[in-house]
Amino acid sequence: QVRLVESGGGSVQPEGSLRLACVYSGSFRTIVSMGWHHQAPGKQRELVAGISGDGSTNYAVSVKGRFTISRDNAKNTLYLQMDRLKVEDTGVYYCNLVTSSLYSYWGQGTQVTVSS
């Protein structure tokens, strides 16, 4: 069973920063990709940052240059450094992991609120 636990959410003013973390555990062969998804109030969940097994990264246009995804294999932890936060970044952030068997796993989410 694969388990993902997010942390690091909170409330921050515009232009502030937060760092999200996702600790993953369980039995699986190979991680194909991991990512952070954002679900704004009343909207669908969207990928904002992804990292593949070879370490290559990709970002949504809305966060490029402000967010940085990284992964520490020794700690089984995925990070999302969020800088210059905007009000529209408010929502729940979910960690996702896809294995070589193409199973997709999700964390419970962590709330980020950006307001003045």
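No hydrogens, no waters, no symmetry mates; every other heavy atom, side chains included, goes into these values. Numbers for residues simply follow the sequence, beginning at 1. What you are looking at is a predicted structure, and each value in this text was computed from that prediction instead of being measured.
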Subject >> disulfide (SG to SG under 2.5 Å) partners of residues 27-92, not counting sequence neighbours, each pair once >> reply: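 For residues 27-92: none.
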Can you name the side-chain contact (heavy atoms from CB on, under 4.5 Å) partners of [X], sequence neighbours left out?
X      : answer
Asn76  : Tyr24
Thr68  : Tyr59, Gln81
Ser101 : Thr99, Tyr103
Ser52  : Asp54, Ser56

Subject >> Pairwise side-chain contact, Gln108 with Glu6, heavy-atom cut-off 4.5 Å (strictly under) >> reply: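 The answer is yes, as the side chains (C-beta and beyond) meet within the 4.5 Å cut-off.
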To which residues is [X] joined in a hydrophobic cluster, defined by side-chain heavy-atom contacts under 4.5 Å among Ile, Leu, Val, Met, Phe, Trp and Tyr, whether direct or through other members?
X      : answer
Val23  : none
Trp106 : Val92, Tyr94
Tyr79  : none

Original post:
Which pair of heavy atoms, one from Ile69 and one from Thr57, lies closest together, and at what distance?
Top reply: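 Closest approach of Ile69 to Thr57, heavy atoms only: CG2-CG2, 3.7 Å.
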Original post:
If every non-hydrogen atom of Leu4 is compared with every non-hydrogen atom of Cys95, which pair is closest and at what distance?
Top reply: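 Looking at all heavy atoms of both residues, the closest pair is CD2-SG, 3.3 Å.
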Could you pull out all donor-acceptor pairs under 3.5 Å where a side-chain atom in residues 11-22 meets a protein atom, sequence neighbours excluded?
from  : atom 1 : to    : atom 2 : distance (Å)
Ser17 : OG     : Asp83 : OD1    : 2.8

Subject >> Spatial distance of atom CZ (Arg71) from atom CG (Leu78) [nearest 0.5 Å] >> reply: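 Atom-to-atom, Arg71:CZ and Leu78:CG are 8.0 Å apart.
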Using distance only, find each side-chain donor-acceptor pair of residues 37-49 under 3.5 Å and give its atom names and separation, not counting sequence neighbours.
from  : atom 1 : to    : atom 2 : distance (Å)
His38 : NE2    : Asp89 : O      : 3.2
His38 : NE2    : Thr90 : O      : 2.7
Gln39 : NE2    : Lys43 : O      : 3.1

**OP:** Determine, step by step, whether Ile51 and Ser70 satisfy the side-chain contact (heavy atoms from CB on, under 4.5 Å) criterion, reporting the C-alpha distance in whole Å, the side-chain angles of both residues, the deciding distance to 0.1 Å, and the verdict.
**Re:** CA-CA 7 Å; Ile51 184 166; Ser70 63; 5.7 Å; no
Subject >> For Phe67, all residues meeting ring-ring contact (aromatic ring centres under 6.0 Å, His included), sequence neighbours excluded >> reply: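 By the ring-ring contact (aromatic ring centres under 6.0 Å, His included) rule, Phe67 matches no residue at all.
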Subject >> Partner residues of Arg84 under the salt bridge (charged side-chain N to carboxylate O under 4.0 Å, His left out) criterion, sequence neighbours left out >> reply: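 Salt bridge (charged side-chain N to carboxylate O under 4.0 Å, His left out) check on Arg84 returns nothing, list empty.
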Subject >> Val63 reachable from Val114 in the ILVMFWY side-chain graph, under 4.5 Å edges >> reply: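 Yes; tracing contacts between hydrophobic side chains, which count when under 4.5 Å, links both residues.
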